[in-house]
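A short worksheet on the structure shown next.
Residue numbering restarts at 1 for every chain, and letters A, B, ... go by the order of the sequence lines. Hydrogens, waters and symmetry mates play no part in the numbers below; they use all other heavy atoms, side chains included.
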Number of protein chains: 2
Amino acid sequence: MNNPSFDPDIRRVAHLLADAARAAILPHFRSAALGTENKLSQGYDPVTVADRAAERAMRDILAAERPDDAILGEEFGAQAGTSGLTWVLDPIDGTRGFVSGTPTWGVLIAVSNGTGPFFGIIDQPYIGERFEGSPEGALLTHARGQNPLRTRKTAELSQAVLFTTFPEVGSEAEGKGFHAVAGHTQLTRYGMDCYAYALLAAGQVDLVIEAGLQAYDIQAPIALVEAAGGVVTDWQGGRAHEGGRAIAAANAVIHAQALAILKDY
Amino acid sequence: MNNPSFDPDIRRVAHLLADAARAAILPHFRSAALGTENKLSQGYDPVTVADRAAERAMRDILAAERPDDAILGEEFGAQAGTSGLTWVLDPIDGTRGFVSGTPTWGVLIAVSNGTGPFFGIIDQPYIGERFEGSPEGALLTHARGQNPLRTRKTAELSQAVLFTTFPEVGSEAEGKGFHAVAGHTQLTRYGMDCYAYALLAAGQVDLVIEAGLQAYDIQAPIALVEAAGGVVTDWQGGRAHEGGRAIAAANAVIHAQALAILKDY
C-alpha cells in the first residue's frame with residue numbers, strides 16, 4: 001500500500017471535499033417529504049440547491065488548499081490550473097435517484113493528470129460509505145471501519161451480474177448493445193446510479209455498462225474500479241475518461257467477453 | 001398516536017424479531033466478496049444461509065413470546081395458531097438485490113387478523129433503517145432518531161414517480177399494464193425491491209406496481225403504506241394481501257388514475 005509516486009496531500013484534500021459535500025447535501029436529501037405538494041411547485045428544488053452548494057463548498061476548499069490545480073465541475077464548469085492536475089467533480093451523480101429518495105446517488109471526486117484519472121472517490125453520504133481508489137489500492141470507509149476492496153474473479157459471462165441505471169441505457173443502438181450483453185448474463189439489475197461502480201469495486205457485481213456519460217460521471221468510477229482490480233473502457237476497448245459509452249468489468253476476462261458483444265453496436 | 005385497539009405487545013415483539021433478523025443476516029451480507037470465485041461454486045450460498053437463520057431466529061422468539069399466534073413464513077411455511085393473529089415473515093425480501101450487494105432488500109414482518117395486515121415493518125439492516133406502520137401511524141427509526149412518515153399528495157399522474165423492481169414486471173400482460181402506466185408518469189425507476197414501498201411511505205415516491213407477489217411479500221408493505229396515508233390494492237381495486245398483482249399509491253387520487261389504466265390488463 002505504499003507508492004512513492006502518489007502524493008498523500010491529494011487524499012487529504014479529497015476527503016476534505018467529500019466531507020464538505022456531505023455536509024452541504026444531506027440536509028436537502030428527502031427534505032421535501034412529509035406530505036408536501038410536488039417539490040417543484042413549492043419553488044424549492046432540493047437537488048439543485050444541494051448540487052450547487054456542494055460544488056461551491058468543494059471549490060472553496062480547492063481554492064485554499066490546491067490553488068494551482070485545474071477544476072472541472074458539473075455545476076460550474078472548467079477552471080484552468082498550472083500544476084497539470086485536474087479535480088473532476090460531480091457533487092450529486094444520480095439526481096433522479098436523489099429526488100426519489102434512493103441512497104444510490106453519490107458525490108464523485110476524481111483527480112486526473114494528462115493520461116486520465118488516478119484517484120477517485122464515490123461517496124454515499126446517507127448510508128455513510130466512502131469508496132476510494134488510488135495507486136495505493138481501493139478501500140471502503142464506513143461507520144464500522146475500513147475494508148479493502150477487490151473486484152471478483154468471475155470468468156464466465158453466464159455467471160456475471162450486470163448493472164446499469166435504466167433499461168433504455170441511451171440511444172436505440174446503445175440499448176440494443178446493452179441488452180445483447182444482458183442476454184448472456186446470470187442477472188441484470190437497474191437503478192443503482194454511480195453506486196453500481198462502487199459495488200463492482202467491492203466485489204459484488206461483475207459488469208456496469210452505461211452510455212451518454214460526461215467526463216465527470218465516469219472519472220471517479222474509473223479510478224476506483226481500476227484500483228480494485230477492474231477494467232474500464234469505452235465500448236470499443238479504448239479510454240473512457242472523456243465520457244460517452246463505458247463498460248466497467250471486474251476483470252480482463254469478463255471484460256473481453258462483454259466487449260466482444262458490445263463492440264458491434 | 002393512541003389507539004386503544006392496538007396491543008403494544010405486538011410492537012414490542014415485532015422489534016425483537018427485527019433485531020434478531022438483523023443479527024442473523026448482516027454477517028452474511030456482502031460476505032462472499034474480496035476476489036472470491038462465484039459464490040455458489042464455493043458451496044456457500046450467503047442468502048440462503050441468512051434467510052433460514054433469520055426466520056429460525058424469529059420463529060424461536062414467537063414460540064416464546066406469542067405461542068398462540070399463527071405464523072406464515074417464506075422459508076418454513078405455515079404454523080397454525082389459536083389467537084386469530086398471524087405473523088407473516090419474509091426474512092430477506094429481495095434476494096437478487098442481496099446477492100448483488102445493494103441495500104434494497106429488507107426484512108418483512110407483518111401481523112394480520114381475519115381482515116388483513118394491520119401492522120408491518122420493513123427493516124433495512126445494512127443502512128440501519130426500520131420503517132414501521134401500525135394503527136397508531138407510521139414512522140422511521142434510524143441511527144439519528146425517529147421521523148413520522150407520511151405519503152405525498154401528488155394529484156396528477158404526470159407528476160408521479162413510479163417504481164417497480166425489474167422492467168419485465170411479470171407476465172407479458174403484466175409488463176404491458178405496468179408500462180402503460182409508466183408512460184403517463186414523470187419518472188419510472190427500477191431495482192429497489194421492498195425498499196420502494198418504504199420510500200412510498202416516506203413521501204419520496206408516488207406509486208409502486210408489482211406482480212407475481214406472495215402474501216409474505218406484500219403484507220408488511222400494505223400495513224406500512226396504509227399507516228402512512230397510502231392505498232394498496234390489486235390491479236382491479238380489490239384486496240392485495242394474498243399476493244399476486246399489487247399497486248401501492250401515495251393517495252386515493254393517484255391510485256384511481258393509475259388503476260383506471262391498470263384494470264384493463
To the nearest 0.5 Å, what is the distance between [atom1] on [X] and [atom2] on [Y]?
X	Y	atom1	atom2	value
B/I127	A/E129	CD1	CD	8.5 Å
A/R30	B/L199	CZ	CG	5.5 Å
A/Y190	B/F166	OH	CZ	11.0 Å
B/L200	A/S100	CG	OG	12.0 Å

What residue, out of [options], has the most heavy-atom pairs lying under 4.5 Å from chain B?
options	result
A/G229, A/G128, A/G97	A/G97
A/D206, A/T104, A/V161, A/L187	A/L187
A/A196, A/A143, A/P167	A/P167

A/R144 to B/Y126, cation-pi by 6.0 Å centre distance and 45° axis angle:
yes
Please examine the side chains of A/M192 and B/M192, heavy atoms only from C-beta on, and report whether any two atoms are closer than 4.5 Å.
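Sidechains of A/M192 and B/M192: in contact.
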Side chains of A/T102 and B/Y195 in contact at under 4.5 Å (non-hydrogen atoms):
no
B/T188 versus chain A, heavy atoms under 4.5 Å apart: side chain, backbone, both or neither?
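Nothing of B/T188, per the 4.5 Å heavy-atom cut-off to chain A.
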Of the backbone (N, CA, C, O) and the side chain (C-beta and beyond), which part of B/R189 lies under 4.5 Å from a heavy atom of chain A, both, or neither?
side chain
Which atoms of A/E156 approach chain B - backbone, side chain, both or neither, heavy atom under 4.5 Å
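Neither part; nothing is under 4.5 Å.
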Within a radius of less than 6.0 Å around NE2 of A/H184, do more than 12 heavy atoms belonging to other residues, nucleotides or ligands occur?
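No, because the 6.0 Å sphere around NE2 of A/H184 holds 12 heavy atoms or fewer from other groups.
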